[in-house]
Amino acid sequence: MWRKGWVVSMVVGMALAGILWSSPWAGQAGADVAAIASPEQTPAAVTYSAEVWLDMNERVVTGVLAARFVPQDDKAFFHLYPNAFAKQADLGSANWEHVLGKQREPGGITITAVKVDGRATGVHYEGQTNTLLRVPLPEKKPSAGTVVELGFRLQVPYNNGRLSYHDHALWLGNWLPILAVKDSGGWRLDPYTAIGDPFYSEVANYHLRVHLPEGYQLATTGLESAAVVTQTRPQRQSIYELDAWNVRDFAMVVMDGTYQSVAGKVGETIVRTWSQQGDDPEAVKSLHETAMKALDYYGKQFGPYPYKEYDVVKTGGFFGGMEYPSLVFIEEEFFNTQHNMGVAVVAHETAHQWFYGIVGNDEVREAWLDESLTDYATMAFLQEKDPQRAQAYIRLRQGQSRAAEAYARRGISAAMSVAAFPDWKSYDELVYGRSGVMWWTLREAWGAERVNRILRQYVSEHQYKLASGGQIKELVSSAAGADATPFFDYWLNVRLDLAAAAKEWLEKGKHE
């Protein structure tokens with residue numbers, strides 16, 4: 001996710017907004033690329049199949065979801081993220097208000113039925129506001145698969161966040177029940193926090209049948225260009241059959257006829273940017289060109305984009321931008337004026353397609369990992385395409401990074417879990433600013449090609465998997481010929497006493 005709150009508080013923000021307004025960019029990255037398998041070639045261990053119906057008047061989604069997987073335990077847990085916005089949820093803090101706004105209406109998801117291998121079982125909620133579903137599983141052979149079927153009713157909340165609506169669209173982020181991860185430490189049942197992107201998921205295959213009222217259209221994680229669409233009468237509905245393989249989530253935006261898209265192609269990927277009638281045509285053109293060129297640039301630097309579609313969609317909200325596989329939500333403000341941060345936001349969310357999408361990580365306990373790599377990629381893209389304008393963005397991040405001394409005295413670091421950050425400002429300045437500048441500092445010392453070669457290896461080795469900070473530190477250590485711990489501790493743990501050791505390691509590795 002790209003947060004814009006810190007920009008408002010900084011003097012350079014307005015200058016950066018003007019500087020980053022795009023002009024046609026030329027030139028190619030020209031880097032060698034690592035091979036990445038097509039999603040169709042590596043089927044995921046979990047398959048979700050769902051049939052859903054949308055009531056756009058009531059903002060209600062009803063449906064049935066079937067999850068097919070091999071159990072790791074005598075139970076399974078599903079995240080019910082929409083229940084973070086239930087009526088009884090305590091969302092009164094300044095951090096929640098920052099991300100959700102002051103005007104909001106509650107919502108949530110009710111599980112209406114549960115079946116395990118065709119047999120009905122009870123509904124067992126857990127979590128303070130029923131944000132988890134515990135499903136007992138029958139004892140089976142270790143390799144035997146299970147099908148858990150859930151009936152659900154989702155009342156979409158109204159707020160400025162990832163799951164909301166306005167008069168012309170409804171955007172569904174983190175809306176479907178999704179299996180919790182069980183890793184070496186056990187079940188990961190982390191709550192939905194006000195700060196960060198508190199999501200941790202493995203790749204899965206999805207097949208959805210979406211019943212859509214007449215007059216509406218879809219942008220989703222799935223392949224709309226390959227969707228089978230059936231028109232029904234007299235119901236006056238369209239039924240979309242959508243597939244997505246090896247993705248970490250399935251997001252969707254439902255739009256009325258005021259929306260239209262402009263499309264292009266990068267390699268084998270269709271890129272669509274969705275705007276509304278009355279939006280600034282130059283702003284829309286700039287955002288679309290940025291999405292196209294960023295997807296092309298990152299593909300050359302970090303490995304080809306393996307999915308066939310990529311949608312950039314205007315939504316409401318105050319979150320700046322939010323990434324999902326093959327689909328990103330972009331705040332409406334950036335479509336309405338040329339004087340904004342839209343270029344940087346689209347570039348950032350597009351980079352997340354690699355760092356979170358192709359390579360996943362624990363966004364709860366190691367938020368710095370995908371965000372730092374994403375923001376490094378954003379800086380690198382802007383620097384490649386327009387060095388003068390990129391400097392404003394880089395200076396902004398470097399300014400945030402210099403706030404580290406004050407945070408160190410308070411025991412706050414970039415390596416903390418999202419729940420440990422006291423506010424959005426500290427999260428922005430450390431997770432985005434300091435962590436991103438860490439990679440930029442490495443690039444300035446070692447050169448772009450050497451750093452990007454490490455990241456190509458990282459993507460190639462961990463595609464469709466979950467990676468850790470320890471694994472990328474090992475890659476950097478190997479490239480340097482020396483343990484990178486002092487460098488990472490100085491930057492991420494804000495160990496200012498290691499400044500000399502971090503610099504010494506950087507210089508030593510420069511000559512390897």
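Owing to the predicted nature of the structure, the values given are computational and were not obtained by experimental measurement. By convention here, the first residue in the shown sequence is residue 1.
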| So, Asp370 versus Asn361: side-chain donor-acceptor pair below 3.5 Å or not? | yes

| said: I'd like to know whether the aromatic ring centres of Phe355 and Phe302 sit less than 6.0 Å apart in this structure. | reply: yes

| note | When every non-hydrogen atom of Ala180 is compared with those of Leu189, the smallest separation belongs to CB-CD2, 3.9 Å

| said: Tell me if the CD atom of Glu461 is crowded by more than 12 foreign heavy atoms within 6.0 Å. | reply: yes

| query | Are His352 and Thr374 linked by a side-chain donor-acceptor pair shorter than 3.5 Å? | reply | yes

| request: Look at the aromatic rings of Tyr298 and Trp354 and report parallel, tilted or perpendicular, splitting at 30° and 60°. | output: perpendicular

| field | Pair Ser93, Asn95: side-chain N/O donor-acceptor within cut-off below 3.5 Å | value | no

| task | Take Ser401 and Trp491, measure what side-chain contact (heavy atoms from CB on, under 4.5 Å) needs, and give me the verdict at the end. | result | CA-CA 9 Å; Ser401 178; Trp491 286 99; 3.4 Å; yes

| Looking at Tyr307, Tyr206, Phe329, which hits ring pair (Phe, Tyr, Trp, His ring centres under 6.0 Å) with Tyr324? | Phe329

| task | Using a strict cut-off of less than 4.0 Å between a Lys/Arg side-chain nitrogen and an Asp/Glu carboxylate oxygen, indicate whether Glu405 and Arg409 qualify as a salt bridge. | result | yes

| message | With no hydrogens and no angle check, just 3.5 Å: does a side-chain donor-acceptor pair link Gln400 and Arg397? | response | yes

| query | If we ignore angles and hydrogens, is there a donor and acceptor under 3.5 Å between the side chains of Asp311 and Trp274? | reply | yes

| request: Evaluate the side-chain proximity of Tyr259 to Gln277: yes if any heavy-atom separation is below 4.5 Å, no if none is. | output: no

| Are the side chains of Tyr297 and Met292 in touch, meaning some heavy atoms are under 4.5 Å apart? | no

| field | Asp375 versus Tyr393, side-chain donor and acceptor atoms under 3.5 Å | value | yes

| query | For Gln128, does the CD atom have more than 12 heavy-atom neighbours from other residues, nucleotides or ligands under 6.0 Å away? | reply | no

| Considering all heavy atoms, the nearest Phe199-Arg162 contact | CE1-NE, 3.7 Å

| task | State the OH-CG distance between Tyr490 and Asp497, to the nearest 0.5 angstrom. | result | 10.5 Å

| Stepwise, does the side-chain contact (heavy atoms from CB on, under 4.5 Å) test hold for Leu172 with Val156? | CA-CA 8 Å; Leu172 303 175; Val156 179; 3.9 Å; yes

| query | Any Lys/Arg nitrogen of Glu449 or Arg453 sitting under 4.0 Å from an Asp/Glu carboxylate oxygen of the other? | reply | yes

| message | Do Gln260 and Gln276 pair up side chain to side chain, a donor and an acceptor below 3.5 Å, judged on atom types alone? | response | no

| request: Decide side chain to side chain donor-acceptor pair (under 3.5 Å) for Glu371 and His348; before the verdict, give the C-alpha distance in whole Å, the side-chain angles of both, and the deciding distance to 0.1 Å. | output: CA-CA 9 Å; Glu371 291 295 357; His348 180 97; 3.2 Å; yes

| message | Using a 3.5 Å distance criterion without hydrogens, assess whether the side chain of Thr221 forms a donor-acceptor pair with backbone atoms of Pro325. | response | yes

| So, Asp483 and Lys473, do they make that salt bridge, N to O below 4.0 Å? | no

| query | Is there a side-chain contact (heavy atoms from CB on, under 4.5 Å) between Ile472 and Leu373 once you walk through the steps? | reply | CA-CA 11 Å; Ile472 201 164; Leu373 294 175; 3.7 Å; yes

| query | In Å, rounded to the nearest 0.5 Å, how long is the span from OG1 of Thr315 to CG of Leu170? | reply | 11.0 Å

| task | With rounding to the nearest 0.5 Å, note down the distance linking NZ in Lys293 to CZ in Phe381. | result | 8.0 Å

| message | For a quick test of reading the model, state the closest non-hydrogen atom pair linking Ala84 to Leu91 and the distance between them. | response | O-CD2, 3.6 Å

| Do Glu224 and Thr220 pass the side chain to side chain donor-acceptor pair (under 3.5 Å) test, and can you show the C-alpha distance, the side-chain angles, and the key distance before you say yes or no? | CA-CA 7 Å; Glu224 293 90 73; Thr220 78; 2.5 Å; yes

| Gln88 versus Thr129, side-chain donor and acceptor atoms under 3.5 Å | no

| message | Contact between Ser417 and Val364 at the side-chain level, heavy atoms closer than 4.5 Å - yes or no? | response | yes

| remark: CZ (Arg272) and OG (Ser261) are apart, to the nearest 0.5 Å, by 6.0 Å

| message | Less than 3.5 Å apart, any donor N or O on the side chain of Tyr310 or Thr350 sitting next to an acceptor on the other? | response | yes

| note | To the nearest 0.5 Å, atom CG of Asp197 lies from atom CG of Asn174 at 8.5 Å

| query | Does Ala86 offer a backbone N or O that forms a donor-acceptor pair with the side chain of Asn83 under 3.5 Å? | reply | no

| Do Gln457 and His462 have side-chain N/O donor and acceptor atoms under 3.5 Å apart? | no

| query | Below 4.5 Å, heavy atoms only, C-beta onward: do Ile330 and Val346 meet side chain to side chain? | reply | yes

| What are the two closest non-hydrogen atoms of Val328 and Glu323, and how far apart are they? | CG1-CA, 3.9 Å

| said: With side-chain contact (heavy atoms from CB on, under 4.5 Å) as the criterion, how do Leu154 and Trp175 come out once you've worked through the C-alpha distance, each side chain's angles and the decisive distance to 0.1 Å? | reply: CA-CA 8 Å; Leu154 167 64; Trp175 62 292; 4.0 Å; yes

| Side-chain touch Val343/Leu382, heavy atoms, less than 4.5 angstrom | yes

| query | Any ion pair linking Lys314 and Glu331 (charged N to carboxylate O, less than 4.0 Å)? | reply | no

| task | Spell out, as yes or no, whether a donor-acceptor pair under 3.5 Å connects the side chain of Thr290 to the backbone of Ser286. | result | yes

| said: Ring centres under 6.0 Å, that's the criterion: do Trp505 and Trp446 meet it? | reply: yes

| Exercise: identify the closest heavy-atom pair between Trp424 and Ala194 | CZ2-O, 3.1 Å

| query | For the atom pair NE2 (His79) and OG (Ser201), what is the distance rounded to the nearest 0.5 Å? | reply | 8.5 Å

| Is the closest side-chain heavy-atom distance between Arg248 and Leu466 below 4.5 Å? | yes

| said: Does atom CD (Glu507) have a neighbourhood of more than 12 heavy atoms from anything else shown, all under 6.0 Å? | reply: yes

| field | Any donor-acceptor N or O pair under 3.5 Å, side chains Gln301, Asn452 | value | yes

| request: May I ask you to check whether Tyr407 and Glu429 show a side-chain donor-acceptor distance below 3.5 Å? | output: yes

| said: Assess the residue pair Glu202 and Lys465 against the criterion (salt bridge (Lys or Arg N to Asp or Glu O under 4.0 Å)); give the C-alpha distance rounded to whole Å, side-chain angles, the decisive distance to 0.1 Å, and a yes or no. | reply: CA-CA 7 Å; Glu202 297 179 294; Lys465 301 175 185 176; over 6 Å; no

| message | So Leu163 and Pro157, do their side chains get closer than 4.5 Å, heavy atoms only? | response | yes

| query | Is a salt bridge present between Arg188 and Asp190, judged by a nitrogen-to-oxygen distance below 4.0 Å? | reply | yes

| Do you know which two heavy atoms are closest between Val313 and Phe335, and how far apart they sit? | C-CZ, 4.3 Å

| query | Do other residues, nucleotides or ligands put more than 12 heavy atoms under 6.0 Å from Lys503 NZ? | reply | no

| With a 4.5 Å limit on heavy-atom distance, are the side chains of Val494 and Leu430 in contact? | yes

| task | Flag the pair Phe85 / Tyr192 as yes when their ring centroid distance falls below 6.0 Å, and as no otherwise. | result | yes

